[in-house]
Participant: 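Before I ask anything, here is the structure I am working with.
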Amino acid sequence: MAEQVDVVVIGLGVGGEEASGRLAQAGLNVVGIEPRLVGGECPYFGCIPSKMMIRAGDLIAETRRVDGMAGTATVTPDWAPVARRIRDEATDNWNDKVAVDRLVGKGVTFVRGRGTITGPGRVVSGDREFEASRGIIVATGTVPVVPPIEGLAGTPFWTNQDAIRLETLPASLLVLGGGAIGMELTQVFARFGVQVTVIEGADRVLAMEEPESSELARFALERDGVTFRTGQHAKSVSHSGDAFTVTLEDGSTVTGEKLLVATGRRVDIRELGLDQVGLDPAARRIEVDEHVRAGDGVWAIGDVTGVGVFTHNAMYQANVAVLDILGAEDAPKASYHAMPRVTFLDPEIGAVGLTEKQARDQGLDVRTGITQVPASTRGWIHKADNEGFIKLIMDNEQGVLVGATSAGPTGGEVLGTLALAVHARVPVHTLRQMIYAYPTIHRAIESALADL
């Protein structure tokens, strides 16, 4: 006989964990189902441990910048404290007991296993069946994309999870993919002395961002010793036991001790039973409306919706779903026009909303403004490795920003002001009348506005 509950949450990554915990605290009878680690990719293999790695790499780079500005300094990279911090401080050696206890403490019934929808409001996990009177939330995230490259399957290639678990570093590394994950890990390993070669099929890295961002990222990583092979797809992969060899489309080859596949992520919803509630299990993502409803009695949140593979979006959609399920009078409607994103390189590259190309492709009357961080007073003071820029994308007809990029020593932090401007559709005229603190890097926004 099915257990009667209010809500079943399938998948307890950051979005599912947030939604189930808040619904339980609101007094609902909630079941959360997760076969892997509660908390998902972010705390164990993504944002948290990777940023610990990035912080360590940045310290090495910053120490090397002392020369010529504050004396002399030398640094000897050591991966051991980085691996130890990730294992002990971030992941508890990849044990989610703390997360499970926290969730149960909020009143959630936790089930370790896979959830399968068997009908409207009905979910089976193992030998337990639940009937949810309020509905089902699907928050099953994504899995790494493994491209169908000849010879790749069966080799001991790495995904980001393997890279995060590293106790010792290889002498050399090949990276397939020039997106955010690949670039962040590339810079870390390069700064710890690994010889890294990046293979990217597009003609530039960070291909979904502004061309200026791609140029800056490549410049920074080449300065760290990284080699790039852009505009070349991998044709085949072979592994000899102590090295990988990747053959490119032009017939040339590159060799490295290890191979990291960072070619994106995809949803895997084929076994969820979505057809039992009228949804397509073969779809590339679960389509949701402004209340993140996927269908009658079904909500979907996080990466599985395909809106953006970001922790902050999963949390945002979780809030929309929770308030909708609770019937809150002020329940928000999801809007993604001001989606922020940060590639945590050095220099940091933050962006929000549309790129210039995306805005023009939508038929907007676009005006752009750009300024270089070194031209600002704070950028000039910063001096060592002060590269960066602020670029604004304005809808000339509406007189508001529809996108912006902030790259530089604190690019992700400067982005906050720009994200607010895009989200709230603050008139550019109003932004020009603001007082910008001096001397700060965010004051360079004023110069970019003047360039519009």
Participant: Would you confirm whether Arg341, through its side chain, and Gly353, through its main-chain N or O, come within 3.5 Å as a donor-acceptor pair?
Facilitator: yes
Participant: Taking the side chain as C-beta and beyond, is there a heavy-atom pair between Lys357 and Ile393 under 4.5 Å?
Facilitator: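 Lys357 vs Ile393: side chains apart.
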Participant: Does anything in residues 374-410 form a ring pair (Phe, Tyr, Trp, His ring centres under 6.0 Å)? List the pairs, not counting sequence neighbours.
Facilitator: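 Sorted pair list comes back empty.
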Participant: When you look at Arg223 and Glu387, which way does the salt bridge (Lys or Arg N to Asp or Glu O under 4.0 Å) test go after all the steps?
Facilitator: CA-CA 12 Å; Arg223 183 172 55 193; Glu387 295 87 4; 3.1 Å; yes
Participant: Indicate yes or no for a side-chain donor-acceptor contact from Asp451 to the backbone of Ile370 under 3.5 Å, with no hydrogens or angles considered.
Facilitator: yes
Participant: Out of the candidates Ile137, Val322, Asp303, Thr305, only one should pair with Gln317 under the side-chain contact (heavy atoms from CB on, under 4.5 Å) rule; please name it.
Facilitator: Thr305
Participant: For the side chain of Glu348 and the backbone of Gly412, is there at least one donor-acceptor N/O pair under 3.5 Å apart?
Facilitator: yes
Participant: So, are Lys333 and Asp289 salt-bridged, with charged N and O less than 4.0 Å apart?
Facilitator: no
Participant: Got more than 12 heavy atoms from elsewhere within 6.0 Å of NE2, His423?
Facilitator: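 No, not enclosed.
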Participant: Is there a donor-acceptor contact under 3.5 Å from the side chain of Asn160 to the main chain of Phe45?
Facilitator: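 Yes; at least one donor-acceptor contact below 3.5 Å.
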Participant: Measure the shortest side-chain to side-chain distance between Val254 and Ile199 over non-hydrogen atoms and say whether it is less than 4.5 angstrom.
Facilitator: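 In short, these two side chains touch, coming nearer than 4.5 Å.
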Participant: Quick check for you: to the nearest 0.5 Å, what is the distance between Leu392 atom CG and Ser447 atom OG?
Facilitator: 10.0 Å
Participant: When you compare the side chain of Leu103 with that of Val100, does any pair of heavy atoms fall below 4.5 Å?
Facilitator: no
Participant: Considering only NZ, NE, NH1 and NH2 on the basic side and carboxylate oxygens on the acidic side, decide whether Arg204 and Glu215 come within less than 4.0 Å.
Facilitator: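 Here Arg204 does not pair with Glu215 in a salt bridge, since their nearest N and O are not under 4.0 Å apart.
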Participant: Sub-3.5 Å donor-acceptor pair from the side chain of Ser20 to the main-chain atoms of Gly16, do we have one?
Facilitator: yes
Participant: Side chains of Ile164 and Ser50: does their closest heavy-atom pair fall under 4.5 Å?
Facilitator: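 Side chain of Ile164 against side chain of Ser50, heavy atoms only: contact under 4.5 Å found.
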Participant: In sequence, state the C-alpha distance, the side-chain angles, and the governing distance for Ile286 and Val298, and then conclude on side chain to side chain contact (heavy atoms under 4.5 Å, CB included).
Facilitator: CA-CA 11 Å; Ile286 300 179; Val298 181; over 6 Å; no
Participant: What are the two closest non-hydrogen atoms of Val373 and Asn386, and how far apart are they?
Facilitator: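 Closest approach of Val373 to Asn386: CG1-O, 3.6 Å.
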Participant: Can you tell me if Glu397 has over 12 outside heavy atoms packed within less than 6.0 Å of its CD?
Facilitator: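 No, not enclosed.
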Participant: Should the pair Arg285-Glu287 be classified as a salt bridge under the 4.0 Å nitrogen-to-oxygen rule?
Facilitator: yes
Participant: Quick one: list whatever passes salt bridge (charged side-chain N to carboxylate O under 4.0 Å, His left out) with Arg114, sequence neighbours left out.
Facilitator: none
Participant: Before you tell me yes or no, could you show the steps for Leu345 and Leu221 under side chain to side chain contact (heavy atoms under 4.5 Å, CB included), namely the whole-Å CA-CA distance, both residues' side-chain angles and the distance that decides it to 0.1 Å?
Facilitator: CA-CA 9 Å; Leu345 295 175; Leu221 269 67; 4.1 Å; yes
Participant: If we ignore hydrogens and angles and just use 3.5 Å, is the side chain of Glu210 paired with the main-chain N or O of Glu356 as donor and acceptor?
Facilitator: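 Between the backbone of Glu356 and the side chain of Glu210 there is a qualifying donor-acceptor contact (under 3.5 Å).
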Participant: Do the charged groups of Lys97 and Asp92 touch, with an N to O distance under 4.0 Å?
Facilitator: no
Participant: If you apply the rule side chain to side chain contact (heavy atoms under 4.5 Å, CB included), what do you find for Arg266 with Arg284, and how did you get there?
Facilitator: CA-CA 8 Å; Arg266 63 176 178 82; Arg284 297 184 63 180; over 6 Å; no
Participant: Would you say the side chains of Gln195 and Glu257 form a donor-acceptor pair under 3.5 Å?
Facilitator: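 No - no donor-acceptor pair under 3.5 Å links their side chains.
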Participant: Does anything in residues 160-196 pair up under ring pair (Phe, Tyr, Trp, His ring centres under 6.0 Å), and if so which pairs, sequence neighbours excluded?
Facilitator: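 The answer is Trp79-Phe189, Trp79-Phe192.
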Participant: Could you tell me whether the side chain of Asp250 and the main chain of Ser252 form a donor-acceptor pair under 3.5 Å?
Facilitator: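 Side chain of Asp250 to backbone of Ser252, a donor-acceptor pair under 3.5 Å: yes, one is there.
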Participant: Tell me if the CZ atom of Arg378 is crowded by more than 12 foreign heavy atoms within 6.0 Å.
Facilitator: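 12 or below, so no.
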Participant: Spell out, as yes or no, whether a donor-acceptor pair under 3.5 Å connects the side chain of Arg443 to the backbone of Ser376.
Facilitator: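 Answer holds: no.
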Participant: Do side-chain atoms of Asp96 reach the backbone of Val38 as a donor and acceptor pair under 3.5 angstrom?
Facilitator: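 Yes: the side chain of Asp96 pairs with the backbone of Val38.
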Participant: Which value, rounded to the nearest 0.5 Å, describes the distance between Gln358 atom CD and Leu364 atom CG?
Facilitator: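 It comes to 11.0 Å.
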Participant: Looking at Lys258 and Asp162, is any side-chain nitrogen of the basic one under 4.0 Å from a carboxylate oxygen of the acidic one?
Facilitator: no
Participant: Under 3.5 Å, side chain of Arg112 to main-chain N/O of Arg36, donor-acceptor pair present?
Facilitator: yes
